[in-house]
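Inspection log for the structure reproduced underneath, given as structure tokens.
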Amino acid sequence: QVQLVESGGGLVQPGGSLRLSCAASGFPFARFHMSWGRQAPGKQREVVATINNGGITNYADSVKGRFTISRDNAKKAVYLQMNSLKPEDTAVYYCKSLFYPVEYWGQGTQVTVSS
């Protein structure tokens, strides 16, 4: 059974940091490209960071320089370090795995950036 379980969300003040984690199981993790996406109220879901199965990363312009994605294949986990958080980063953050055409999404974790 495929599972992607996110954790680490919460309430943080503007300028603060959070580290999200995603624990994966039920599929060959090392072969899959992993991403973090987010969805704010009233907006479409967007992918903000991707790390492929070779460790190459890519970021949306809105988070470049502030967010860092990483993976640990031995632990079957992917992480998102978020620094210099802004109110517009408020969203539900989702973990995604992809090995075309197979794609899985987690249930999400809420991140709220507010003073």
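All heavy atoms count here, side chains included; hydrogens, waters and symmetry mates do not.
- Note that CD of Gln1 is 7.5 Å distant from OG of Ser25, once rounded to the nearest 0.5 Å.
- The CZ atom of Phe67 sits 6.0 Å away from atom CG of Leu80, with the distance rounded to the nearest 0.5 Å.
- Taking OG1 from Thr112 and CG from Asp89, the interatomic distance works out to 11.0 Å, rounded to the nearest 0.5 Å.
- Counting heavy atoms from C-beta on, the side chains of Tyr59 and Val48 never come closer than 4.5 Å.
- Once rounded to the nearest 0.5 Å, the distance linking OG1 of Thr68 with CZ of Arg19 reads 10.5 Å.
- A salt bridge links Lys64 to Asp61: at least one charged side-chain nitrogen sits closer than 4.0 Å to a carboxylate oxygen.
- Across every non-hydrogen atom of Val2 and Gly26, the tightest pair is CG2-O, 3.6 Å.
- Across Ala40 and Ala91, no two heavy atoms sit closer than the pair N-CB, 3.8 Å.
- Shortest non-hydrogen contact noted between Ser35 and Thr50 is OG-OG1, 2.8 Å.
- Proximity of Leu4 to Ser97: side-chain heavy atoms (C-beta onward) are separated by under 4.5 Å at one or more points.
- Pairing each heavy atom of Cys95 with each of Val78, the nearest pair is SG-CG1, 3.6 Å.
- More than 12 non-hydrogen atoms from other residues, nucleotides or ligands lie less than 6.0 angstrom from CD of Glu88.
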Starting from the C-alpha separation in whole Å, work towards a yes-or-no answer on side chain to side chain contact (heavy atoms under 4.5 Å, CB included) for Thr90 and Ser114. CA-CA 8 Å; Thr90 295; Ser114 175; 5.9 Å; no
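- His33 places none of its side-chain heavy atoms less than 4.5 Å from the side chain of Tyr100.
- No donor-acceptor pair under 3.5 Å is formed between the side chain of Arg31 and the backbone N or O of Phe27.
- Residues Glu103 and Lys96 meet the side-chain proximity criterion, which asks for heavy atoms closer than 4.5 Å.
- Across all their heavy atoms, Ser84 and Ser17 have their closest contact at N-OG, 4.4 Å.
- At distances below 3.5 Å, at least one donor-acceptor pair connects side-chain atoms of Thr109 with backbone N or O atoms of Gly9.
- Cation-pi geometry between Arg38 and Tyr93 is not met: the NZ or CZ atom fails to fall both under 6.0 Å from the ring centre and inside 45° of the normal.
- For Arg71 (side chain) and Lys76 (main-chain N/O), no donor-acceptor pair under 3.5 Å exists by modelled atom type.
- Closest approach of Ser115 to Pro14, counting heavy atoms only: N-CD, 3.7 Å.
- Proximity of Gln13 to Leu85: side-chain heavy atoms (C-beta onward) are nowhere separated by under 4.5 Å.
- Ring geometry for Tyr104 against Phe32 counts as parallel: the plane angle stays under 30°, on a 0 to 90° scale with 60° as the upper cut.
- For the pair Gln107/Tyr94, no side-chain contact is recorded, criterion being any heavy-atom separation below 4.5 Å from C-beta on.
- Atom CD of Gln39 has more than 12 neighbouring heavy atoms from other residues, nucleotides or ligands inside a 6.0 Å radius.
- To the nearest 0.5 angstrom, Trp36 atom CH2 is 8.0 Å from Met82 atom CE.
- Distance check, rounded to the nearest 0.5 Å: CD1 of Ile51 to CG of Asn58 gives 11.0 Å.
- The shortest side-chain heavy-atom distance between Trp105 and Arg45 falls under the 4.5 Å cut-off.
- Proximity of Leu20 to Tyr79: side-chain heavy atoms (C-beta onward) are nowhere separated by under 4.5 Å.
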